[in-house]
Amino acid sequence: QTKAEAGRIQIRAPLAEDGRLIWKLVADSGNLDVNSAYCYMMLCEYFRDTCLVAEEDGAIVGFVSAFLRPDRRDTLFVWQIAVAGAHRGRGIARTLLHKLVNGKACRSVRTVEATVSPSNTASRRLFASLAETLACAHTVTKGFPSSFFPQEHSHEEEPLIRVGPIPARNYWRGA
Ligand SMILES: CC(=O)NCC[C@H](N)C(=O)O
């Protein structure tokens, strides 16, 4: 990734009015479950501290949604990571994920979880790389099997990926 390329991408917290553009980004991505535009507005409004958008020249080219598990505040569940097709391979997903995990909202986080289908190889690699960067384990367990999804709309299995426990030296170091 050249400096110029890196320079053009801006990362920011999302706003409710970004919801419809995020909805379009996910719909166009082709490898994620498209939630309602309303769902993306809700994420941008009520889960803003653990969501980020990546912009280039004013256009949204990437998005990550996540939340701190209500039952385990030391665990961040990453719901979706989406990058526009034309912008893949520039490290945008990695930048979004690392900025999120290193952000103030995640200072209590010791484990990062996500479900990623086997065909989403880029996302599988992304979480393996996060485990390497954070010098911690990376496990894959059952998650949501295909049988949990409606027969009318078959869906790949969604194995649960767990990165952690994050060693103390790699905890949040922000201001
Ligand atoms: C990390 C990630 O993008 N997971 C996707 C889960 C699921 N298939 C969805 O698209 O929400």
Side-chain angles (χ1 to χ4, degrees), residues 9 11 13-14 18-54 60-70 72 75-103 105-106 109-134 136-164 166:
I9 300 291
I11 308 287
D18 295 319
R20 64 184 172 80
L21 298 172
I22 293 166
W23 173 81
K24 178 99 174 64
L25 170 76
V26 173
D28 292 348
S29 77
N31 60 355
L32 294 172
D33 293 277
V34 185
N35 301 297
S36 65
Y38 182 77
C39 175
Y40 292 110
M41 284 177 224
M42 292 289 282
L43 281 164
C44 295
E45 185 70 15
Y46 298 109
F47 295 85
R48 177 172 302 137
D49 289 351
T50 51
C51 294
L52 291 169
V53 290
I60 291 181
V61 297
F63 169 68
V64 59
S65 57
F67 54 87
L68 296 175
R69 277 182 52 168
R72 296 173 61 173
T75 300
L76 179 75
F77 185 86
V78 178
W79 185 342
Q80 286 188 320
I81 298 186
V83 176
H87 295 271
R88 287 178 192 157
R90 296 175 62 190
I92 293 172
R94 177 182 169 81
T95 303
L96 283 164
L97 184 58
H98 285 243
K99 193 155 177 76
L100 173 61
V101 172
N102 288 308
C106 291
V109 169
R110 302 294 176 262
T111 300
V112 177
E113 291 182 346
T115 68
V116 179
S117 294
S119 65
N120 194 343
T121 50
S123 212
R124 299 292 287 255
R125 278 198 304 274
L126 177 69
F127 285 93
S129 158
L130 180 70
E132 268 177 53
T133 305
L134 295 177
C136 61
H138 160 248
T139 58
V140 183
T141 51
K142 183 163 167 270
F144 302 132
S146 294
S147 61
F148 280 20
F149 293 88
Q151 283 181 340
E152 301 83 349
H153 301 281
S154 66
H155 192 292
E156 272 188 281
E157 59 175 339
E158 288 275 354
L160 177 67
I161 293 175
R162 190 170 276 133
V163 172
I166 301 170

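Counting convention: from 1, in listed order, for ligands and their atoms alike. Basis for what follows: all heavy atoms, side chains included, without hydrogens, waters or symmetry-related copies. Just so you know, these numbers come straight off a predicted model, no measurement behind them.
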(message) Among all the protein's non-hydrogen atoms, which is closest to atom 10 (O) of ligand 1, and how far away is it?
(response) Asp33 N, 2.7 Å
(message) Looking at Lys142, is its backbone amide N or carbonyl O close enough to the side chain of Glu157 to form a donor-acceptor pair, meaning the two atoms are under 3.5 Å apart?
(response) no
(message) Checking side-chain contact (heavy atoms from CB on, under 4.5 Å) between Ile161 and each of Val116, Thr139, Val112, which is the one that passes?
(response) Val116
(request) Look only at interatomic distance and state if His155 has a nitrogen or oxygen under 3.5 Å from any nitrogen or oxygen of ligand 1. (result) no
(message) Under a 3.5 Å distance rule, please check whether Thr111 uses its side chain to pair with a backbone N or O of Thr75 as donor and acceptor.
(response) no
(request) For ligand 1, find out whether one of its N or O atoms is nearer than 3.5 Å to an N or O atom of Ser123. (result) no
(message) Treating Thr95 as the side-chain partner and Gly91 as the backbone partner, does any N or O pair qualify as donor plus acceptor under 3.5 Å?
(response) yes
(request) For atom 4 (N) of ligand 1, find the nearest protein heavy atom and state the residue, atom name and distance (0.1 Å precision). (result) Thr115 O, 2.9 Å
(message) What I want to know is whether Ser117 and ligand 1 share at least one N or O pair that is separated by under 3.5 angstrom.
(response) no
(message) Can a donor-acceptor pair be found, under 3.5 Å and without considering hydrogens, that links the side chain of Ser146 to the backbone of His155?
(response) yes
(message) Within ligand 1, which atoms have a heavy atom of Leu32 less than 4.0 Å away?
(response) 3 (O), 5 (C), 10 (O)
(message) Taking atom CZ as the centre, does Phe149 end up with more than 12 heavy-atom neighbours from other residues, nucleotides or ligands that are less than 6.0 angstrom away?
(response) yes
(request) Provide the number and element of each atom of ligand 1 under 4.0 Å from a heavy atom of Ile81. (result) 2 (C), 3 (O)
(message) What I want to know is whether Trp79 and ligand 1 share at least one N or O pair that is separated by under 3.5 angstrom.
(response) yes
(request) Would you mind running through ligand 1 and noting each atom that sits below 4.0 Å from a heavy atom of Gln80? (result) 2 (C), 3 (O), 9 (C), 10 (O), 11 (O)
(request) Determine yes or no for a side-chain-to-main-chain donor-acceptor pair under 3.5 angstrom, with Glu156 supplying the side chain and Ser119 the backbone. (result) yes
